[in-house]
Asker: 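Quick one: this structure, given as C-alpha cells, is what I'll be asking you about.
In what follows, every chain begins at residue 1, and chains take the letters A, B, ... in the order their sequences are listed.
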Protein chains: 2
Amino acid sequence: MSSGGPSRRVRADAERSTARILEAAEDVLAEDPNAPLERIADAAGVARATVHRRFSSRTALLDALAAHLNERYLRALAETRVATAPPLVALQRLTETIFDLKLCHRFAIQLDAAITPEVLAGVDLLFERLRDAGVITSADPVWCRRVYLALLHEVNDLSADSPTLTALHAGSEVEARINLLVGTVIGALGGTDTTNGLLVRPSLAGD
Amino acid sequence: MSSGGPSRRVRADAERSTARILEAAEDVLAEDPNAPLERIADAAGVARATVHRRFSSRTALLDALAAHLNERYLRALAETRVATAPPLVALQRLTETIFDLKLCHRFAIQLDAAITPEVLAGVDLLFERLRDAGVITSADPVWCRRVYLALLHEVNDLSADSPTLTALHAGSEVEARINLLVGTVIGALGGTDTTNGLLVRPSLAGD
DNA sequence: CCTACATGAGACATCATAGTCTCATTTAAG
DNA sequence: CTTAAATGAGACTATGATGTCTCATGTAGG
C-alpha cells in the first residue's frame with residue numbers, strides 16, 4: 001500500500017522510528033496502562049516530540065497499537081488452522097503461538113479494541129469444535145473465551161519456579177505453561193481428566 | 001477504640017461521612033482505578049474538600065480502603081469456618097459470602113494490599129483441605145488461589161442472561177453464579193466431574 | 001555532494017487533578 | 001439554647017501530562 005506513488009517520500013528512518021515506538025509502547029503500557037508518553041519515548045530511544053509527530057494524540061497511538069496487536073492475533077489464528085486442524089491440537093498450537101509472541105503479556109493493556117470481531121470469531125470457532133469433539137462440555141462460546149483469557153493471564157504471571165510449573169517437568173518452561181493452561185482450561189470447561197492424560201504430551205501438537 | 005476518652009470528640013456526623021466516602025470509593029474505583037477524587041466525593045454526596053479533610057492524600061484513602069476491605073475478607077473467612085467445616089461446604093459458603101458482600105466486584109481495584117497474609121493463609125488452608133479431601137488434585141496453594149480469584153472475577157462479570165448461567169437454572173441468579181464458580185474452579189484444579197454432580201446442589205451449603 | 005526530510009532539544013500554552021486555605025452555614029451534643 | 005465541630009462552596013497554588021511550535025543538527029537518498 002506504500003510502494004505505489006513515486007513522489008511518496010517515506011524515509012526508511014521514519015518507519016523504523018514508528019516501529020520502535022509501537023514496540024516500546026507495548027512493553028511500557030503492559031506494565032502501566034497510564035504511563036506518560038515520555039516514558040514510552042524514552043523506552044523507544046526517541047524524543048517525546050517524535051512520538052507526537054508520528055501519532056497525533058495519545059489516543060491515536062493506542063489505536064495504532066490495537067490495530068498492530070489485532071494483526072498479530074489474526075496471524076496467530078491463521079497459523080493455527082483453527083478451522084481444520086484437530087481442535088485439541090489447534091488449542092495447543094494457538095496457546096503456543098500466543099506465548100511465543102508474548103501476546104498474552106502485552107494485551108494486559110486494556111486494549112479490548114485489539115480483540116476485533118474476527119479474532120473473536122476465530123476463538124469461538126475453536127471452542128465450538130472442542131465441544132463437538134467432546135473435549136469440553138460447555139456450550140457457551142463467551143464463557144469459554146473468558147475462561148481461556150483469564151487463565152492465560154494467570155499462567156503467564158505465574159513465577160517460573162512455581163511448584164505447579166515445575167511439577168509438570170516439561171521440556172521447557174514455556175512448554176510447562178502451555179500444558180498447564182490447556183489442562184486447566186479443559187478442566188474448567190467441563191473436560192474429563194481422561195483428556196488430561198493426553199494433554200500433557202506436547203508431542204501431540206507437533207506436525 | 002473510640003469510647004475511651006471523655007474529651008474525645010468524634011461527632012457521629014463525621015463517622016458517617018467517612019463511611020460514605022469509603023463506600024463510594026469502592027464503587028467508583030472498581031470501575032475506574034484512576035478516577036479523580038471529585039468523582040468519589042460526588043458519589044459520596046460530599047464536597048471534595050471533605051474527602052481531603054478525612055484523608056490527607058489520595059494514597060491515604062487507598063490505604064484506608066485496603067484496610068477496610070481486608071477487615072471484611074477476614075470476617076467472611078471467619079464466618080465460613082474454613083478450618084473446621086467440610087471443605088466443599090466451606091468453599092461454597094465462602095463464595096456465597098463474597099458474592100453477598102459484593103466483594104468480588106470491589107477488589108477489582110488494584111488493591112493487592114487488601115489481601116493481607118492473614119486472608120491469604122485462610123484461603124490457602126481452604127484449598128489445602130480441599131486437596132486432602134480429594135476434591136481437587138492441585139497441591140500448589142498459590143496456583144489454587146490465583147485460579148479461584150481469576151474465575152471469581154469472570155463469573156462476576158458474566159452477564160445475567162448468559163446461557164452458561166441460565167442453563168444452571170438455579171434458584172436465583174446469584175446461586176447460579178456460585179454454582180458455576182465452584183464447579184469451574186474444581187474442574188480447573190483437577191477435580192473429577194463426579195464431584196461436579198454434588199456441587200450444583202446449593203442445599204449442600206445450607207446449615 | 002545536495003536537498004529535503006527526520007530528529008532532538010527545548011520553550012510554551014493548556015488542561016486536569018491534588019492539595020491547601022478561608023469563611024459562612026449547618027448540625028451534633030452537652 | 002449554646003458551643004464547638006463538621007461541612008459546602010469556592011478561590012488558589014502546584015504539579016504533571018498533553019499537544020504545539022521553532023530551530024539547529026543529523027541523515028537518507030538521489
Side-chain angles (χ1 to χ4, degrees), chain A residues 1-66 109-111 113, chain B residues 1-66 109-111 113:
Chain A
M1 69 170 68
S2 58
S3 55
S7 62
R8 249 287 206 186
R9 283 207 179 177
V10 217
R11 253 165 63 168
D13 211 359
E15 281 193 59
R16 244 182 300 143
S17 286
T18 307
R20 289 176 62 185
I21 292 172
L22 279 175
E23 239 180 283
E26 279 182 23
D27 289 337
V28 172
L29 294 180
E31 283 188 1
D32 177 11
N34 296 108
L37 289 187
E38 189 160 24
R39 208 176 319 163
I40 297 176
D42 287 349
V46 300
R48 190 173 64 93
T50 302
V51 177
H52 283 290
R53 278 192 199 98
R54 289 359 230 36
F55 303 98
S56 60
S57 70
R58 175 178 245 272
T59 307
L61 173 58
L62 266 332
D63 289 347
L65 194 51
I109 318 170
Q110 83 283 33
L111 283 186
Chain B
M1 65 168 69
S2 60
S3 55
S7 61
R8 248 288 207 187
R9 284 209 176 176
V10 219
R11 254 166 64 167
D13 211 357
E15 282 192 60
R16 244 182 300 143
S17 284
T18 306
R20 289 178 62 186
I21 291 173
L22 280 175
E23 238 180 284
E26 281 182 19
D27 289 337
V28 173
L29 294 180
E31 284 189 358
D32 177 12
N34 296 108
L37 290 187
E38 188 160 24
R39 209 178 319 163
I40 297 176
D42 288 348
V46 301
R48 190 172 64 95
T50 302
V51 177
H52 282 292
R53 279 190 198 100
R54 285 14 238 6
F55 304 97
S56 58
S57 70
R58 178 179 243 270
T59 307
L61 173 59
L62 265 334
D63 289 347
L65 193 53
I109 318 171
Q110 85 282 33
L111 282 187

Asker: Taking only residues two or more places apart in sequence, or in another chain, which ones meet A/Ala24 in a side chain to side chain contact (heavy atoms under 4.5 Å, CB included)?
Answerer: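 Side chain to side chain contact (heavy atoms under 4.5 Å, CB included) check on A/Ala24 returns A/Ile40, A/Ala43, A/Ala44.
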Asker: Not counting sequence neighbours, which residues clear side chain to side chain contact (heavy atoms under 4.5 Å, CB included) with B/Glu31? List them please.
Answerer: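 Counting only residues at least two positions away or on another chain, B/Glu31 forms no side chain to side chain contact (heavy atoms under 4.5 Å, CB included).
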Asker: Of the listed nucleotides (D/dA28, D/dT18, C/dA28), which one gets closest to any side-chain atom of A/His52?
Answerer: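 Selected nucleotide (nearest to the side chain): D/dT18.
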Asker: For the pair made of CD1 in B/Ile21 and C1' in D/dG8, what is the distance, rounded to whole Å?
Answerer: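 Answer to the nearest Å: 13 Å.
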Asker: Mind calculating the distance between CD (A/Glu38) and C1' (C/dA11) to the nearest angstrom?
Answerer: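 That distance rounds to 14 Å.
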Asker: To the closest 0.5 Å, what do you measure between CZ (A/Arg58) and NE2 (A/His52)?
Answerer: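 With rounding to 0.5 Å, CZ (A/Arg58) is 9.5 Å from NE2 (A/His52).
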Asker: B/Leu62 CG to C/dG19 P: how many Å, rounded?
Answerer: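 Taking CG of B/Leu62 and P of C/dG19, I get 11 Å after rounding.
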Asker: Which residues pass the side chain to side chain contact (heavy atoms under 4.5 Å, CB included) test with A/Thr59, sequence neighbours left out?
Answerer: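 For A/Thr59, the residues satisfying side chain to side chain contact (heavy atoms under 4.5 Å, CB included) (neighbours in sequence not counted) are A/Ser57, A/Asp63.
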Asker: Report, as a single string ordered 5' to 3', how protein heavy atoms within less than 4.0 Å touch nucleotides 1-10 of chain C: B base, S sugar-phosphate only, - not at all.
Answerer: ---BBSBBBB
Asker: What's the CZ-C1' distance between B/Arg58 and C/dA16, to the nearest Å?
Answerer: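 Atom CZ in B/Arg58 sits about 12 Å away from atom C1' in C/dA16.
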Asker: Identify, with sequence neighbours excluded, every residue that meets side chain to side chain contact (heavy atoms under 4.5 Å, CB included) alongside B/Ala64.
Answerer: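 B/Ala64 satisfies side chain to side chain contact (heavy atoms under 4.5 Å, CB included) with B/Leu22, B/Phe55 only.
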Asker: Could you state the atom-to-atom distance from CG of A/Asn34 to P of D/dG16 in whole Å?
Answerer: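 Atom CG in A/Asn34 sits about 16 Å away from atom P in D/dG16.
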Asker: Mind checking salt bridge (Lys or Arg N to Asp or Glu O under 4.0 Å) for B/Arg11 and listing every partner two or more places apart, or none if nothing turns up?
Answerer: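 Counting only residues at least two positions away or on another chain, B/Arg11 forms a salt bridge (Lys or Arg N to Asp or Glu O under 4.0 Å) with B/Asp13.
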Asker: Could you state the atom-to-atom distance from CD1 of A/Ile40 to P of D/dA17 in whole Å?
Answerer: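 Nearest whole value for this atom pair: 12 Å.
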Asker: Let me confirm one number: the CG-CG distance from B/Leu65 to B/Leu29, rounded to the nearest 0.5 Å.
Answerer: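 That separation rounds to 6.5 Å.
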Asker: Taking the side chain as C-beta and beyond, is there a heavy-atom pair between B/Asp32 and B/Arg39 under 4.5 Å?
Answerer: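 When only atoms from C-beta onward are counted, B/Arg39 and B/Asp32 do touch, with a gap below 4.5 Å.
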Asker: Without decimals, in angstroms, what is the distance between B/Leu37 CG and C/dA16 P?
Answerer: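 Checked: the CG to P distance equals 16 Å.
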Asker: Mind grabbing the angle between the end helix axes of the helix from C/dC1-D/dG30 to C/dG30-D/dC1? Five pairs an end, 10° rounding.
Answerer: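 End axes: 40° apart.
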Asker: Going by side-chain hydrogen bond (donor to acceptor under 3.5 Å, both in side chains), name the residues that satisfy it together with B/Ser17, two or more places apart in sequence or in a different chain.
Answerer: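 Once residues adjacent in sequence are excluded, B/Ser17 has no partner under the side-chain hydrogen bond (donor to acceptor under 3.5 Å, both in side chains) criterion.
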Asker: To the nearest Å, give me how far apart CZ (B/Arg16) and C1' (D/dG8) are.
Answerer: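 After rounding, the gap between these two atoms is 16 Å.
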